[in-house]
Amino acid sequence: MALTRTLIAATALGAALGIARAQAADPPASHPGDDALTCEQIYAEATAQSQRDQAEREKRNEARRRQAQGAATLLTGATLAGGMAGTGLAAEKGVEAYVA
């Protein structure tokens with residue numbers, strides 16, 4: 001019974017700390033001096049930031065695509081080599097090392 005209470009308390013504490021960290025990492029949307037900006041200026045800033053974020057996502061996704069394509073090529077070669085020469089286990093380990 002005491003163990004159950006301890007686990008529940010630890011879980012609740014962990015959740016509370018996680019929420020606090022998430023809130024601290026998420027800065028507020030307004031910035032000092034925003035009152036002096038027009039709606040068009042705020043919109044332009046938000047649009048520029050959105051475009052920068054999109055460019056970063058596209059770059060990251062392209063890198064992931066290249067990695068996945070390389071892994072697929074390696075896996076295909078490993079499958080063919082394993083099926084013909086009996087080196088399937090070694091080829092599988094090579095793929096795992098490449099992906100990790």
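One-based numbering along the sequence shown.
Not counting sequence neighbours, the partners of Leu37 by the side-chain contact (heavy atoms from CB on, under 4.5 Å) test are Asp34, Gln41, Ile42, Glu45. Arg65 meets the salt bridge (Lys or Arg N to Asp or Glu O under 4.0 Å) test with Glu62; sequence neighbours excluded. Qualifying side-chain contact (heavy atoms from CB on, under 4.5 Å) partners for Glu58, counting only residues two or more places apart in sequence or in other chains: Gln54. Residues passing the side chain to side chain donor-acceptor pair (under 3.5 Å) test with Asp53, sequence neighbours excluded: Gln49. Arg64 meets the side chain to side chain donor-acceptor pair (under 3.5 Å) test with no other residue; sequence neighbours excluded.
Side-chain atoms of Thr47 come within 3.5 Å of backbone atoms of Tyr43 as a donor-acceptor pair (strictly under, hydrogens ignored).
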